[in-house]
Amino acid sequence: MTSRPRAGVALALADGRPLKKIPVMEMIAELSLDVWQDENLSGFDSSAGMAASPFEIVSGPPPEGMPIHEPAPEKPGELTKLLQPVGLTEWWIDGYMMGVCTAPRFVPPSSWVSVLVSIFGAEIEDDRKLQRIFDLLMLRYNSTLASLRTPVGLSLLPDDETLLTIWSDGFLTA
């Protein structure tokens, strides 16, 4: 990278431009993930991609006493209220999560989150609201995985036809 682009990135950061609007930041994020994978995954060849060989995570649990982020439970209607500026509902998100969780291949959270950020990221300017949305998305993701592990007695689709249409749009987006 020549000094001119570095200077442009430095100026953009100094001006407070959001990271997601600085094109080189995507490359930096990808390189950062590659470094993490090289340091924390055994048997992973970053040049060959995720499907190259089986791997195991060699990093252990967080050190004793390290704070772990545990988001507060979702309040009824909270996610829909937060996503209202972009016109998405919790039913759309539930369909999207079901599509992600039932995909033929594992979809890492970094991939499905980046799709959602491209859909609504520019509309949500408050960092606290954006963080809460991400927290709720992870709660929904984990809840969807838990629902899929429940053997019987749990409806995975909405009964209402209108809600099913919204849910299906989210599922097809995934």
Stepwise, does the side chain to side chain donor-acceptor pair (under 3.5 Å) test hold for D127 with Q131? CA-CA 6 Å; D127 289 341; Q131 180 59 55; over 6 Å; no
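- Taking the side chain as every heavy atom from C-beta outward, F134 and V117 approach each other to under 4.5 Å.
- Judged by distance alone, the side chain of Y96 and the main-chain N or O of W112 form a donor-acceptor pair under 3.5 Å.
- Screening L163, T80, I119 against W92 for a side-chain contact (heavy atoms from CB on, under 4.5 Å) leaves a single residue, I119.
- For the atom pair I93 CD1 and I166 CD1, the distance stands at 12.0 Å (nearest 0.5 Å).
- With values rounded to the nearest 0.5 angstrom, L116 atom CG is found 11.0 Å from S111 atom OG.
- Atom CG of L79 and atom CG of D135 lie 11.0 Å apart (nearest 0.5 Å).
- Side-chain atoms of T102 come within 3.5 Å of backbone atoms of M98 as a donor-acceptor pair (strictly under, hydrogens ignored).
- Note: C101 SG to D94 CG = 10.5 Å, rounded to the nearest 0.5 Å.
- We find the CG-CE distance between L145 and M97 to be 9.5 Å, quoted to the nearest 0.5 Å.
- Taking each heavy atom of P73 and L139 in turn, the nearest pair found is CA-CD1, 4.4 Å.
- Side-chain atoms of R132 and E78, non-hydrogen and from C-beta on, do get closer than 4.5 Å to each other.
- Between the NZ atom in K81 and the CD1 atom in I133 there is a gap of 12.0 Å [rounded to 0.5 Å].
- For the pair L83 and V86, the minimum side-chain heavy-atom distance is below 4.5 Å.
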